[in-house]
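Quick note on labels: first sequence line is chain A, next is B, and so on, each numbered from 1. All values below were derived from every heavy atom in this structure, side-chain atoms included, with hydrogens, water molecules and symmetry-related copies excluded.
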There are 2 protein chains.
Amino acid sequence: MKMLIVEDDSLHRAYLRDTIAAALPECTEVIEAADGLVGEQLAREHKALHIVMDLQMNARTGIEAARNIWRERPETCILFWSNYSDEAYVRGVSRIVPEGAAYGYVLKSATDARLKLALRGIFVEGQCVIDREVRGVQQKSLGHRGGFTESEYEVLVDIALGLTDRAIAHRRSLSLRSVQNRLQQLYDKLELYKDEPEGQQPSTFNLRTRAISVALLRKLLNANSLEQAELELSEWRARHQ
Amino acid sequence: MKMLIVEDDSLHRAYLRDTIAAALPECTEVIEAADGLVGEQLAREHKALHIVMDLQMNARTGIEAARNIWRERPETCILFWSNYSDEAYVRGVSRIVPEGAAYGYVLKSATDARLKLALRGIFVEGQCVIDREVRGVQQKSLGHRGGFTESEYEVLVDIALGLTDRAIAHRRSLSLRSVQNRLQQLYDKLELYKDEPEGQQPSTFNLRTRAISVALLRKLLNANSLEQAELELSEWRARHQ
DNA sequence: GCGACGGTTGCGGGTTCCCGCAAAACATTC
DNA sequence: GAATGTTTTGCGGGAACCCGCAACCGTCGC
């Protein structure tokens, strides 16, 4: 079995190497990459089918790298090993995992035992292994309890990119009014009206920017997801001269 | 010499412990904390005067913890050891370091040798040791080459929190128009007009939200600094019922 | 004293945004 | 097909925002 490690922190890389050696004696070869870009290349060269991947790297995000790798070889098994369980990450991952692929999402704060279990589960048994904390976030984002629909999430990203209503309408092929409706739903679900003072004085908050603010605080968005979205936006803008 | 380590990642904590033992043989006692909150408490209990501190922890940010510690004992020496050199962090740190205190800012990607040098420089010689990359950011933010003045930075934070012009004016004791002037300077310096298409068609970007977006992309702001600012805002709002 | 300069404030108009109201389009169910 | 619910769209008004213009201050240097 060949294993590829994609992780920018050398300490964590060393730890992974040791833990993999201990948990997977059948693993004969370990390759390492320090960022998503070379990770992608190595995966291609070595036709690696087993990958442990950090999210949050400079040259290329773990999510981007994984998407490209899965595009070429959808049967690849990938274990995402991250510090955070931000909804932005969880959403990003489940958006790209191909039909029936085995993958995992384990937090770096997990114990040795948890990580080893996940390694065996994914790479030997072909299971999906998702940490409890992560699972919680996943459920919330998909289930209807305060979760956001795909279209609401789309407009959230769009206003976070700084687009106007009109631009969003154009991009998503909607009428102006529909965009504004979605925004309203978004404002409702984010509970922007909660922390407004009671009185009738003009409100302290600009809803549009406040929405971005609380989305960031709630980890619905993060810097990485924004960067990604920015890329997609400029691609789109290039296509539509 | 007594040393306090405040760092949430156990691997990094172990690495620090080893490196400190190697670089500072005069260090007789090492205490550890896994987040800012207990870091603060331990600093108080042990009257620690030498601290290595991570930024970016859950319970309490390194910056908050350091501010509180320095408030009590301004002669404490603190080495900030962080993954990133975001302007938001650098600004946050230099905002709280007391007159004449010895401190350091070293990136986690630095080599062993660099870290050891910094440890001796700060804790033995009482120097300030700032990594080159960090220094670059610091200069830019203070020097006038595209840097932001304190007041521009203030309004940037305020709109990122989602405040209206009126609310900002109230908070900062300015007229409405002055706030809008500052916003305009901000928009200029962020070069929001750059990536607008030439034509006369209505612009694709909402300046106010776009400003937040590019500030995040440029690391002028990050999730931590926003959280912090959110706290200060709610304190302020409590004071003004 | 005086002109120059940067920062502040008021005014006004054009645009965008927020959102209630109601009609239309589509999907569900009986 | 009739009844019901959901989503989309247009209209319109009030508020907030962007910003040019002009007047008003304080601080310099001379």
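Side-chain atoms of B/Q180 and base atoms of D/dC19 include a donor and an acceptor less than 3.5 Å apart. At a cut-off of 3.5 angstrom, the base of C/dG6 holds no donor-acceptor pair with the side chain of B/R182.
Minimum atom distance to the side chain of A/T164 is reached by C/dC17, of the listed C/dC17, C/dC18, C/dT9. Of all nucleotides listed (C/dC18, D/dC18, C/dT9), C/dT9 comes nearest to the side chain of B/L174. Residue A/N181 places its side chain closer to D/dT9 than to any other of D/dC19, C/dG20, D/dT9. Here C/dG10 is the nucleotide among C/dG10, C/dC19, D/dT9 with the atom lying nearest to any side-chain atom of B/S175.
Here B/N206 does not reach the OP1 or OP2 of C/dT16: none of its side-chain N or O atoms lies under 4.0 Å away. Remark: B/Q184 is in phosphate contact with D/dG20, judged by side-chain N or O atoms under 4.0 Å from OP1 or OP2. Between A/Y193 and C/dC19, a side-chain N or O to OP1/OP2 separation shorter than 4.0 Å is present. At the phosphate of C/dC11, neither OP1 nor OP2 sits under 4.0 Å from any side-chain N or O atom of B/R177.
One atom, CG of A/L183, and another, C1' of C/dC18, lie 9 Å apart when rounded to the nearest Å. When rounded to the nearest whole Å, the span between OH of B/Y187 and P of C/dT15 equals 18 Å. Atoms CZ (B/R172) and P (C/dT8) sit 13 Å apart, rounded to a whole Å. Going from atom CD1 of A/I159 over to atom P of C/dT16 covers 17 Å, rounded to whole Å. For the pair A/D188 CG and C/dC18 C1', the computed distance is 12 Å after rounding to whole Å. One atom, CD of A/E152, and another, P of D/dT6, lie 15 Å apart when rounded to the nearest Å. Here the P atom of nucleotide C/dC11 and the CG atom of B/L176 are 12 Å apart, to the nearest Å. As rounded to whole Å, 12 Å separates atom C1' of D/dC18 from atom CG of B/L192.
Comparing B/S178 and A/L163 by the nucleotide of DNA chain C whose heavy atom lies nearest to each, the residue mapping closer to the 5' end is B/S178.
Checking each of A/R91, A/R172, A/R182, A/K189 against A/E152 for a salt bridge (charged side-chain N to carboxylate O under 4.0 Å, His left out) leaves exactly one that passes, namely A/K189.
For the pair B/T61 (side chain) and B/I63 (backbone), a donor-acceptor distance under 3.5 Å is absent. Put simply, the side chain of B/R210 never gets that close to the backbone of A/L163: no donor and acceptor are under 3.5 Å apart. B/W70 places a side-chain N or O within donor-acceptor distance of the main-chain N or O of B/T76, the cut-off being under 3.5 Å.
Open room surrounds CZ on A/R95; 12 or fewer heavy atoms of other groups in view lie less than 6.0 Å from it.
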